[in-house]
Chemist: 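The structure that follows is given in the form of structure tokens.
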Amino acid sequence: MESKIAEKSWSKEFEKAFYEKWKNNPLYAFRRNSDKPVYSIDTPPPYVNTPVHMGHAATYSIMDMIARFRRMMGYEVLFPLGLDRNGLPIEMAAEKKFKTKFNRVSREEFLLMCNKVLEESSAESVDSFMKLGIAFNSWNKGTGLGEIYETDSNDYRTLTQETFIDLYNQGLIYEDDRINNYCPGCMTTIADAEIDYKDIPSTFNDVVFTVKETGEKIIIGTTRPELIPSCGMVIFNPEDKRYQHLNGKTAVTPLFNTEVPIKAHPLAEIDKGTGLVMMCSAGDLSDIRFFREMGIAPIISISIDGTMNDNAGFLKGMKIKDAREKMIQDLKADNLLVKQVPVTHRTPICERSKHEIEFISMKEYYLKQVEFKDKMLALADKMNFYDESIKQIYLDWINSVSIDWPISRRRYYATEVPLWYCNGCGQVIVPPKGKYYKPWKEKPPVKECPECHSKEFTGDTRVLDTWFDSSNSPLYVLKYSRDKEFFEKNNRCSLRPQGKEIIRTWLYYTVFKDFLLTKKCIFKDVWIHHHIIDEKGIKMSKSLGNMIDPHDILEKFGAEPFRLWCAVEGDITKTDLRCSYERIEGAGKTLTKLWNVARFVSMFEDPSGDVKLSDTDKWVLNEINELVKLSRARYEKYDFHTPSLELRHFIWETFSSHYLELVKNRAYNDNKLFLKEEQNGALFTLHYCLETLLKLLAPIIPFATAKLYEEIKEKDIHSEKFPKVADNYEISFKKEDIVELNGAIWKAKKDAQISLKAPVKELILSHKLKGAEKDIMQAHSVEKIKFDDKVEVKV
RNA sequence: GGGCCCAUGGUCUAGCGGUUAUGACGUCACCUUUACAAGGUGGAUGUCCCCGGUUCGAAUCCGGGUGGGCCCACCA
């Protein structure tokens, strides 16, 4: 007998024809006027100037499983691809490529360099997604529903500016002169979320201060002696017995001879250093909070370019590190430095450029967020977190928010702050919404100032934080303010899939900002993934040389073994997944098995005449029905792991080893030992199980299932409905009974060293299996059969 | 310093109050059995991290350790 399927196994070569077909498949396009319910996914826009890495490959594949499942469940699925092109990474790439700094060339020139970098970043990542079989709505760039969008497009930036204008007009954005995290490398203020910490070796210097009232010499330990001119207070712990007499007195700083109060404050720890701390208005965040608390005017001695300013007296003009050296030398010369101890100091550094953070005062725009903390906590309950345990990270972050969100940046390749200022009276000119504004080079939308009638204006030169852009992604994909009718019907996004590490940024800022704009919780479900790590459990990194490139995987094995591996290997919402070539290749064996199961089944026609099901048929139909039940329930909860393991087990064990072996003879029916309708029972069941199995697997392995379904049914499996749960048949035995019986027979023949085809002289088995008697006799060449309460095989 | 997560044969993993502790990869022996040698059958490999507790009974629940990871944090 000939199988419909000629090829002996699944090959990655089959994939190409499919992704080229899918590229323009209207099945995956988003139909705005469809009457199906909408399921919308706020796909994370990957950064364009780095190729797709293992984490992307795995998580987008799982997102695709989600999208494909929902599509089969009858939803109109909005699954667009976005491309992130804004912000620092592009600027840094441009700086590297053209060996310059953004502030060394004109803004105009620098933006051209950024564009150059972006042009060359090409469509590589888009191509990778296609090869992975991701069924995005569209592969064309555009502004329509479901089309590929770019975060630096005029349309996207227009929306970002619209949200700024709305929030500004609501009075939620204000400009304030405040101490900020400042990165001397990026030359811009950065948000708390952009700070990293690193242990940097430093020196603890014991410096001599004088008590003005008594002339007593007191010793203060500091790692930042150059900040002595910024010292605003000296503190000791209220419990510290050594210093009680200093309370209320005045300390005189060395070399600068400024007078500062001495007070007790719990911030000082008794055991640390000498127990006395000099509080400077530029040390780190704790100092800043302290100054705010105590209401002391900060003395800023570091300027924007990272050098000391007028307040630093004789240190003026020096770089911070030089100033520190100079201070140490001068203190030594005057015998004011009594001890130096090397320490490692946990230092705040810039997440991107790795420079040590300085704290300086600048004018910045802020979006009010502190006053919304309670609302944000309440809103968290409106979202379902997958996995639920991850919610804690989100709540912890909300609870820890202590200052408003600084949203302006002093960089170039980002969305401009859409404001002008009147040169006459300083009046802020807020433009109307609906256009992309570049105030640094454009004229304002008004001819003269409404206040003072001046005709001269200055455009704002700052840009917005990249998270201010990113936080409108669900609004953008749902066409908020672009397609009012659509957004009204779909004003919440079904799913935000994203990484665990950006909960405090992308997730928090999106929920927060979109709440301010829409008064709703923008997401219904949030799917948070952990990471792909190497086979030893270590983070993949270029420097360690343990990277696995998904392009290699695609080259070697194709998308399918990888996609199956993604599902089978573990639940990425609960734990990191360890990745190795070996295990991905191993996952591919299941594809071969599935392929051969399909080849076998397709040797037979799906019967059209009378069908009589034996208990064996009913049993396996119940088994597959349980899989339908499980898959539906778990896929619904974004769990592809549990069903994929069960499906794999079904393919290898339940279906192949047990059912198939039992009914082979009936399916062939060469000796006409079975009635036609009995044979049909096997054929029907074989086809039914295979088709159902393929449909259950279609979201996970879309290529192989499509190929097989096409061969067998001449239809596109991805247009099919997901199988429904049926009623189970009444039968008297369970899987365990079958497994036990077959195992016993195989073992008996093996022990007797006879062929599996050799006859069983006598078989004693449980009454329960009576309904499968004929299948069992034929499968194992049983000559005589008896029913009892035990299993016994005589060969 | 705080929070969260993890610890099961060589490696990875399931189980989450009663199992002869699941499966995968690897490994060993045997076998061409009309879908599949990218196969089949069978085997070996485990103080389920440690110490206590709850319980008739713990890999599973609780407490405390130890080791590892991630995130957060206000230290001079």
Side-chain angles (χ1 to χ4, degrees), chain A residues 1 3 5 8-10 192-193 195 197 202 204-205 207 220-224 227 231 234-236 266-269 272-280 283-290 293 343 345-346 348 387 389-393 395-397 399-400 402 500-501 503-504 530-531 533 535-539 561 565 568-571 574-580 582-604 641-642 645 648-649 652-653 656-657 660-661 664-665 668 670 686 743 746-747 749-751 753-758 779 781:
Chain A
M1 269 211 244
S3 170
I5 301 162
K8 286 225 160 159
S9 69
W10 168 252
D192 288 357
I195 296 177
Y197 287 83
S202 168
F204 209 76
N205 303 282
V207 179
I220 294 175
T222 177
T223 53
R224 301 288 306 266
L227 292 179
C231 179
V234 170
I235 59 168
F236 60 89
L267 203 57
E269 281 175 40
K272 210 150 204 174
T274 59
L276 286 171
V277 188
M278 70 169 197
M279 301 304 293
C280 304
D284 51 47
L285 280 174
S286 71
D287 297 342
I288 292 161
R289 284 181 196 174
F290 180 82
E293 254 178 56
V343 288
H345 182 203
R346 198 143 161 71
D387 185 82
S389 65
I390 215 87
K391 188 174 179 179
Q392 198 55 42
I393 296 179
L395 298 178
D396 288 349
W397 175 248
N399 280 316
S400 73
S402 66
K500 177 187 173 180
E501 74 286 356
I503 289 173
R504 64 202 175 100
H530 290 236
H531 303 285
I533 52 181
E535 54 191 316
K536 295 195 181 70
I538 302 163
K539 202 171 172 173
W565 172 84
V568 158
E569 189 67 11
D571 185 340
K574 292 192 169 71
T575 176
D576 290 343
L577 295 195
R578 297 193 183 200
C579 177
S580 70
E582 238 183 10
R583 296 181 68 80
I584 292 170
E585 190 177 16
K589 290 186 182 179
T590 299
L591 292 169
T592 307
K593 192 69 179 178
L594 177 66
W595 187 269
N596 282 296
V597 165
R599 282 188 77 209
F600 175 77
V601 173
S602 74
M603 291 197 311
F604 309 100
H641 175 59
T642 314
L645 290 175
R648 184 175 68 178
H649 185 79
W652 287 92
E653 305 297 330
S656 300
S657 293
L660 220 141
E661 294 298 336
K664 238 179 207 178
N665 286 293
Y668 284 114
D670 290 337
L686 285 169
W746 289 327
K747 184 141 172 41
K749 290 186 177 179
K750 159 97 176 133
D751 288 347
Q753 293 193 301
I754 55 173
S755 154
L756 288 176
K757 279 197 290 191
S781 313

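Atoms considered below: every heavy atom in the structure, side chains included; atoms not considered: hydrogens, waters and symmetry mates. Residue numbering restarts at 1 for every chain, and letters A, B, ... go by the order of the sequence lines. Computed from a prediction, not measured in an experiment: that's the story for all the values here.
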Chemist: To the nearest 0.5 Å, tell me how far A:D576 CG sits from A:K500 NZ.
Modeler: 6.5 Å

Chemist: Could you say whether A:G275 or A:E653 is positioned toward the 5' end of RNA chain B, judged by the nucleotide with the nearest heavy atom to each?
Modeler: A:E653

Chemist: Roughly how many Å apart are B:U66 and B:C30, using the C1' atom of each and rounding to a whole number?
Modeler: 45 Å

Chemist: For A:L645 and for A:F204, find the nucleotide of RNA chain B with the closest heavy atom, then tell me which residue's nucleotide is more 5'.
Modeler: A:L645

Chemist: What is the distance, rounded to the nearest whole Å, between atom CD1 of A:I393 and atom C1' of B:C5?
Modeler: 9 Å

Chemist: Under 4.0 Å between any heavy atoms, over every strand shown, what does A:I5 touch: base, sugar-phosphate, or nothing? Just pick one.
Modeler: nothing

Chemist: Scan A:K589 against the nucleic acid and name what it touches under 4.0 Å (heavy atoms): base, sugar-phosphate only, or nothing.
Modeler: sugar-phosphate

Chemist: Mind calculating the distance between CD (A:E569) and P (B:A24) to the nearest angstrom?
Modeler: 13 Å

Chemist: Considering only side-chain heavy atoms of A:E661, which listed nucleotide, B:U34, B:C72, B:C36, is closest?
Modeler: B:C36

Chemist: B:G40, B:C12, B:A14: which one has an atom nearest the side-chain heavy atoms of A:H641?
Modeler: B:A14

Chemist: What integer number of Å spans the P atoms of B:A24 and B:G39?
Modeler: 11 Å

Chemist: In terms of side-chain heavy atoms of A:N596, which of B:C36, B:A38, B:C72 is nearest?
Modeler: B:C36

Chemist: Remember a base hit wins even if backbone is also touched, and classify A:K664 as base, sugar-phosphate or nothing at under 4.0 Å, heavy atoms.
Modeler: base

Chemist: Nearest 0.5 Å, please: how far is CZ in A:R224 from CG in A:N205?
Modeler: 11.5 Å

Chemist: Can you find a pair of side-chain heavy atoms, one from A:L594 and one from A:W10, that are under 4.5 Å apart?
Modeler: no

Chemist: If you look at every strand shown and take non-hydrogen atoms under 4.0 Å, does A:E585 touch a base, only sugar-phosphate, or nothing?
Modeler: nothing

Chemist: Choosing from B:C12, B:U41, B:G39, which nucleotide comes nearest the side chain of A:W652?
Modeler: B:G39

Chemist: Look through every strand shown and name the nucleotide pairing with B:C49 as Watson-Crick or G-U wobble, where both distances are under 3.5 Å.
Modeler: B:G65

Chemist: Under a 3.5 Å distance rule, please check whether A:S657 uses its side chain to pair with a backbone N or O of A:W652 as donor and acceptor.
Modeler: yes

Chemist: According to the Watson-Crick and G-U wobble definitions, with both distances under 3.5 Å, which nucleotide is paired to B:C70?
Modeler: B:G3

Chemist: Paired with B:U60 by Watson-Crick or G-U wobble geometry, both distances under 3.5 Å: which nucleotide is it?
Modeler: none

Chemist: Send over the distance from A:R578 CZ to B:C5 P, rounded to a whole Å.
Modeler: 18 Å

Chemist: Taking the side chain from A:K749 and the backbone from A:A758, do they hold a donor-acceptor pair closer than 3.5 Å?
Modeler: yes

Chemist: Which whole-number value in Å describes the distance from A:W397 CH2 to B:G2 P?
Modeler: 20 Å

Chemist: Starting from C1' on B:C4, measure out to NZ on A:K500 and report it in whole angstrom.
Modeler: 7 Å

Chemist: Give me the distance, rounded to whole Å, that separates B:C25 from B:U13 when you measure between the P atoms they each carry.
Modeler: 16 Å

Chemist: Which one, B:U34, B:C12, B:U41, comes nearest to the side chain of A:S657?
Modeler: B:U41

Chemist: Could you tell me if the side chain of A:R583 sits less than 4.5 Å from the side chain of A:V568, heavy atoms only?
Modeler: no

Chemist: Expressed as a whole number of angstroms, how long is the span from A:N399:CG to B:C4:P?
Modeler: 13 Å

Chemist: Say we look at B:C56 and B:C51: how far apart would their C1' atoms be, to the nearest angstrom?
Modeler: 23 Å

Chemist: Would you indicate which nucleotide in B:C36, B:A24, B:A14 comes nearest to any side-chain atom of A:R599?
Modeler: B:C36

Chemist: Grab the CZ-P distance between A:R648 and B:A24 for me, whole Å please.
Modeler: 7 Å

Chemist: Could you tell me how far B:C28 sits from B:A21 if I compare only their C1' atoms? Round to whole Å.
Modeler: 23 Å

Chemist: Just name whichever nucleotide pairs with B:U41, Watson-Crick or G-U, keeping both distances under 3.5 Å, else none.
Modeler: B:A29

Chemist: Between B:A7 and B:C49, how many Å separate the two C1' atoms, rounded to a whole number?
Modeler: 6 Å

Chemist: If we take the P atom in both B:G57 and B:G10, what is their distance in whole Å?
Modeler: 30 Å

Chemist: Which nucleotide, if any, forms a Watson-Crick or G-U wobble pair with B:U55, using both distances under 3.5 Å?
Modeler: none

Chemist: Once you apply a heavy-atom cut-off of 4.0 Å, does A:S656 come out as touching a base, just sugar-phosphate, or nothing?
Modeler: base

Chemist: Starting at CE of A:M278, measure out to CD1 of A:I220 and round the result to the nearest 0.5 Å.
Modeler: 7.5 Å

Chemist: Say you pick atom P in B:G2 and the same atom in B:U45; how far apart are they, in whole Å?
Modeler: 44 Å

Chemist: How is A:S9 classified with respect to the nucleic acid when contacts are heavy atoms under 4.0 Å: base, sugar-phosphate, or nothing?
Modeler: base

Chemist: How long is the line joining CG of A:L577 and P of B:U11, in whole Å?
Modeler: 19 Å

Chemist: Any non-hydrogen side-chain atom of A:S656 less than 4.5 Å from a side-chain atom of A:K593?
Modeler: yes

